[in-house]
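Step one of this worksheet: look at the structure below.
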Amino acid sequence: MQMPANMFNSRDEDSERGLNDSEAIFQADSVHDAPTLLINGLGNTEPLFKVEYHPHSGIPTKIGSYSDCFPQTTIPPPDFEPWKPFKSRLDFEIAELGLEAALNKSQLDRLIKLFHRAFKKHSYQVLYKGVPRDFEISVRDPWDWAIENIVDDPMISPQIVWDAQKQYRWTGTAWERFFTEPWTGDEAWEAQSRIPNNPAAKLLPLIIYADKTKLSSFGTAKGYPIVARYAFIPHYIRNTDGRGGGRVVGWLPIVHEDTSETGKKGFVNFKNTVWHEGFRIFLERISKLSETGEWRSSKVDNILRWIWPIILMLSSDYEEMSVMSLIRGLRGKYPCPICLVPQEQMWDLSVEFPLRTQSSTEKFFIESISLPTAAAVEKAFKEQGLRPVKNAMWSIKYGDLHHALSYDVLHFDDNGLWEDHFFKVFKSLITSRTDIAYIDSCFHHMPRWRGLNHFDSVMNITFNDGTKNHDISKIFLFAAQDILSADPKSDGYLLLRCLRAYLNIRMYAGFHLHTVQTILAGKKELEEVFTPLMMEYIKQTYGTSNELNTITPEDIDEDVSGVTGDLEQMLKAKSWNFIKLHLRKHLFSDIIRKGASRNYSTKPNEKMHGPIKHSYLRRSNFKDYTKQILDADQYLLVSGLIRSNIDALDTYEESLLPDSEDTSVVLGSTQSDSFDPSIYDQFQMLGSPMPPITLSQNSESHKNDKAFDQFRIKLGKFLTRFLPIYGIPLPGGKSITEHCLLKVRYTCTSDWQLKTDYVRCNPKFHGQPRYDCVLVNAQDKPYIARLVQLFSCTVGGQVYPLALIQPFSSVFQNSNRQQKDIDLGLLRFRENKRKDTEFISIHTIIRGVVMVPDRIQAMPHGSVKGDFFLFDILDADMFLRARNNLQDSEA
């Protein structure tokens, strides 16, 4: 299809460089003189970081350790009467209890005297068929909300990052840029470049979410909340619904639809006009201030700043994206709100299309809306896949709505490509009762892990939870590989290969920190693996790519009231030519421009639908419920703020008390000032102790388990080797204390933060044996082992935590590696013989590992007969460790 000439220019050089020229940009960012390395007190080299502040800020570049470059913010002393406007803490807590219990109307009316109403109702009219229709929007001014609840909040204001940054880590040869929070992306940098060049000029960046939600069980009552978040505060504050987190700042009207009007282009345009006229009221003050900014001093630091509001990100699903950008959605000629991909080419991820820009779209609107006839206007807008409605967000001076629209892993991946397409097709391919039962059995036998949902069955159940869908997609690869790999030329096997590539991209999409290398690796996975596989699958299952979409844009009109039965069935048919497949082309450019995907995910915002529905059910009379819900939201906001202040006061007062005696013991930590702390750290801790037993009793209780053969002899040999290394005498005692839990803290390779695994070694954990696996450090390279027993013994007054383990041997490194394992990226391991157990110090354990059985065949002691696969997509850290391990083995 021919692209529209000179209608939509691609973004400017700075905007477009996100992906196409990324390698050159990253090279330019990395070429600097080598810095002076930092040596810590233990003689180890500390990682070096660099923060480059936006040149308008006037702040010099900072180079140093992590704590130097990213210092902890100082929180001011708390309010010593935080319960005001209540007379006392008791008065507040009584009111708080009543609020949680859902006060009746008269009680709420008394409570409202203490709280000012935050929402204001605005009325407006929109013409439809020449007749004005009345609508109302309720607004809590987003500027006032941001100033009062973020900038002037003594607990939140110190957390604000006022200037865009470029952050780097020294790799040993170059500075490598990384992307995390919104202020580390190119979008924030460019936005600050657009406002006046004054050190006092600062952005007030907002993340806006809007989506309809059902309030009643039958969907007869609906709400349309607008949620705002302040972009330049840390995610652990921003992505909550508590203090400093997201807040409902508006409530849009929902247009009632008559069946006779549904789908007609005139009515669809009317609904979009109602949305944007209401949103224009919502943005009224923000729009005015985006022209001039506002000078104001924070009540916290009293620094005078020239603050400029901007909508940095729009968080939404595709339906709301279409409304926000005023494209014609799936039936439009160009259904992507970010680029100009033709409707019939959404499946083709190998082609680059021009990007939309706000300036070019606005220019087209001005030129085309004044055409002489309504038919000419409609034709012009239809040719561009747009609606003849003025966009409310054009009123924001330093913003671009097409830049702000963002990739959403919840709707585009977990509840999109996986749930709506991959999973449905897999279910259609796996139809025999035996195969369905086997898949469900694999899910049932999947090792349990903290943070990973466990399922007894999935094949006949539908989940509408993004986290559950994400976990199912990860486990399904391992559950289905044995069934679908019988014929390597089958549709199912090819689709399973597509799923593996999709999961790799999904793992990259979920990273909380992206370096240049991870972005390039994810981009390579998308372009060189996923795209060719999907195109091969599409051609194999549909004959030719031309047969993929038998409906052209010219065949489709917004007026579907007269659609024939055949065409209606074709519209409903499952097709791989769909927008959620295409949108992943913009995933990595969004990460470069706006940081990690959690910054613009809809998940934190959709979690707020729960309290809204609760207020509808518990705090409304089901009539004029919008006002009652928003009043309750304000009460909960103020109540939460007061509760937060009281908790802060409690914490402050506790900190003034003398330190209480710490009775906990970290096993392996020093209990003597002369003991070298560099030998034993405090990153591993045993828990759930059992009563002490003698070595003889331990051997007797496990006499039928070959893993404990010659337990005393093996332990003696290990201690003889282990203890003299540090000049420690051999043990004189003969008793041990068995433990069922190991808590391991480790530095995550994906974001360099400390993470914690809870590793179980329990013969009866919730009624079932559970012996988790671990990654063990060794001189040559790490290896994987299953825990057999965790225990501690005392030597010379010092407690030493040890583990009996059963190592795995890596099969995937063999030259005769199975083709299936190569195609599906499976890392195969084989458990050593039960009698070949070993002893290790728990301090050699790096982290926990999940091993998935190749085939389900249960054995005693909680083990499984046969080979195992490393569950490499457990989390970002394991994903990177596994890929590095695989690459090393192939080198």
Interatomic distance, Thr240 atom OG1 to Lys607 atom NZ [nearest 0.5 angstrom]: 10.5 Å
Flag, side chain of Arg506 to backbone of Asp414, donor-acceptor distance under 3.5 Å: no
Under 3.5 Å, side chain of Thr515 to main-chain N/O of Phe178, donor-acceptor pair present? no
Which is it for Leu401 and Asn391 under the side chain to side chain contact (heavy atoms under 4.5 Å, CB included) test, yes or no, and what are the steps along the way? CA-CA 10 Å; Leu401 72 95; Asn391 198 303; 3.4 Å; yes
So, does Ser325 use its side chain to make a donor-acceptor pair with the main chain of Met321 at under 3.5 Å? yes
Please name all residues satisfying ring pair (Phe, Tyr, Trp, His ring centres under 6.0 Å) with Tyr230, sequence neighbours left out, ordered by chain then number. none
Give a yes-or-no answer on whether the side chains of Lys121 and Thr626 include a donor-acceptor pair shorter than 3.5 Å. no
Side chains of Thr184 and Gln167 only: does a donor on one sit below 3.5 Å from an acceptor on the other? no
With sequence neighbours excluded, what pairs up with Trp295 under the ring pair (Phe, Tyr, Trp, His ring centres under 6.0 Å) test? Trp306
Determine whether the side chains of Lys120 and Ser138 contain a donor N or O and an acceptor N or O closer than 3.5 Å. no
Stacked cation flag Lys594 on Tyr600, 6.0 angstrom / 45 deg: yes
Taking atom types as modelled, find out whether Asp408 and Thr602 have a side-chain donor-acceptor pair closer than 3.5 angstrom. yes
Residue pair Ile226 / Tyr209, side-chain heavy-atom distance below 4.5 Å: no
Is the closest side-chain heavy-atom distance between Gln343 and Tyr334 below 4.5 Å? no
Minimum side-chain heavy-atom gap Ile160-Val151 below 4.5 Å: yes
With Pro253, which residues qualify under side-chain contact (heavy atoms from CB on, under 4.5 Å), at least two apart? Tyr124, Phe135, Ile137, Val274
Is it the case that the side chain of Lys202 and the backbone of Pro199 share a donor-acceptor pair, with hydrogens and angles ignored and the cut-off at 3.5 Å? yes
Check whether Arg238 reaches the backbone of Ile233 with its side chain - one donor and one acceptor, N or O, closer than 3.5 Å. yes
Test item: side-chain donor near acceptor, Ser287 and Ser290, under 3.5 Å: no
Cut-off 3.5 Å, side chains only: do Arg229 and Asn605 have a donor facing an acceptor? yes
Ignoring hydrogens, what is the shortest heavy-atom contact between Ile147 and Leu204? Give both atom names and the distance. CD1-CD1, 3.8 Å
Nearest heavy-atom approach of Lys299 to Asp152 is N-OD1, 3.0 Å
Rounding to 0.5 Å, atoms CE (Met346) and NZ (Lys585) come to a distance of 14.0 Å
Could you tell me if the side chain of Val51 sits less than 4.5 Å from the side chain of Phe70, heavy atoms only? yes
Would you say the side-chain atoms of Tyr53 and Gln192 include a donor-acceptor pair closer than 3.5 Å? no
I'd like to know if Asp153 pairs up with Arg243 as an ion pair, taking the criterion as any Lys NZ or Arg NE/NH1/NH2 lying under 4.0 Å from an Asp or Glu carboxylate oxygen. yes
A side-chain contact here means heavy atoms from C-beta on lying under 4.5 Å apart; do Leu326 and Leu386 qualify? no
Give the ring-plane orientation class for His586 versus His582, where under 30° counts as parallel, over 60° as perpendicular and anything between as tilted. perpendicular
Does Arg328 reach the side chain of Lys333, with side-chain heavy atoms less than 4.5 Å apart? no
Residue set satisfying ring pair (Phe, Tyr, Trp, His ring centres under 6.0 Å) with Phe381, at least two apart, ordered chain then number -> Phe364, Phe365
Spacing of Phe267 atom CZ and Thr273 atom OG1 [to the nearest 0.5 Å]: 11.0 Å
Is there a side-chain contact between Phe119 and Val139 in this structure, where contact means two heavy atoms from C-beta onward sitting under 4.5 Å apart? no
Hey, does the side chain of Asn272 reach the backbone of Val268 with a donor-acceptor pair shorter than 3.5 angstrom? yes
What pairs with His56 under ring pair (Phe, Tyr, Trp, His ring centres under 6.0 Å), at least two apart in sequence or on another chain? His54
Residue that, paired with Trp308, satisfies ring pair (Phe, Tyr, Trp, His ring centres under 6.0 Å) out of Trp143, Tyr398, Trp162: Tyr398
Run the side-chain contact (heavy atoms from CB on, under 4.5 Å) test against Ser322 and tell me which residues pass, sequence neighbours left out. Tyr318, Ile327
Asp186 CG to Ser193 OG distance, which is reported to the nearest 0.5 Å: 10.0 Å
Answer yes when Arg285 and Asp141 have at least one side-chain N-carboxylate O distance shorter than 4.0 Å, and no when they do not. yes
Which distance, rounded to the nearest 0.5 Å, do you find between the CZ of Arg356 and the CD of Gln384? 8.5 Å
For the pair Asp590 and Arg584, find out whether any cationic side-chain nitrogen is under 4.0 Å from an anionic carboxylate oxygen. no
Shortest non-hydrogen separation from Ala210 to Glu320 and the atoms involved: O-CG, 3.2 Å
Sub-3.5 Å donor-acceptor pair from the side chain of His470 to the main-chain atoms of Asn415, do we have one? no
Please determine whether a side-chain nitrogen of the Lys or Arg among Glu187 and Arg593 lies less than 4.0 Å from a carboxylate oxygen of the Asp or Glu. yes
Considering only NZ, NE, NH1 and NH2 on the basic side and carboxylate oxygens on the acidic side, decide whether Glu277 and Arg280 come within less than 4.0 Å. yes
Could you pull out the closest heavy-atom pair between Leu283 and Ala392, with the gap in Å? CD1-O, 4.0 Å
When you check the side-chain N and O atoms of His411 and Glu319, is any donor under 3.5 Å from an acceptor? no
Can you tell if the side chain of Leu203 reaches within under 4.5 Å of the side chain of Ile195, non-hydrogen atoms only? yes
Tell me yes or no: between the side chains of Glu136 and His122, is some donor less than 3.5 Å from an acceptor? no
Can you give me the closest heavy-atom contact between Ile310 and Ala191, atom names plus distance? CD1-CB, 3.7 Å
Is there a donor-acceptor contact under 3.5 Å from the side chain of Ser157 to the main chain of Pro154? no
If only atom types and distance count, is the side chain of Asn599 paired as donor or acceptor with the main-chain N or O of Ala596 below 3.5 Å? yes
Any Lys/Arg nitrogen of Glu362 or Lys390 sitting under 4.0 Å from an Asp/Glu carboxylate oxygen of the other? no
Given His276 and Phe279, is the ring pair (Phe, Tyr, Trp, His ring centres under 6.0 Å) satisfied, shown in steps? CA-CA 5 Å; His276 278 270; Phe279 212 75; 7.2 Å; no
Working to the nearest 0.5 Å, report the span between NE2 of His403 and CD of Gln358. 9.0 Å
Of all heavy-atom pairs between Pro337 and Leu583, which one has the smallest distance, and what is that distance? CD-CD2, 4.4 Å
Given Val248 and Met608, is the side chain to side chain contact (heavy atoms under 4.5 Å, CB included) satisfied, shown in steps? CA-CA 9 Å; Val248 175; Met608 297 183 68; 4.3 Å; yes
Using modelled atom types and a 3.5 Å cut-off, is there a donor and acceptor pairing between side-chain atoms of Arg177 and backbone atoms of Lys166? no
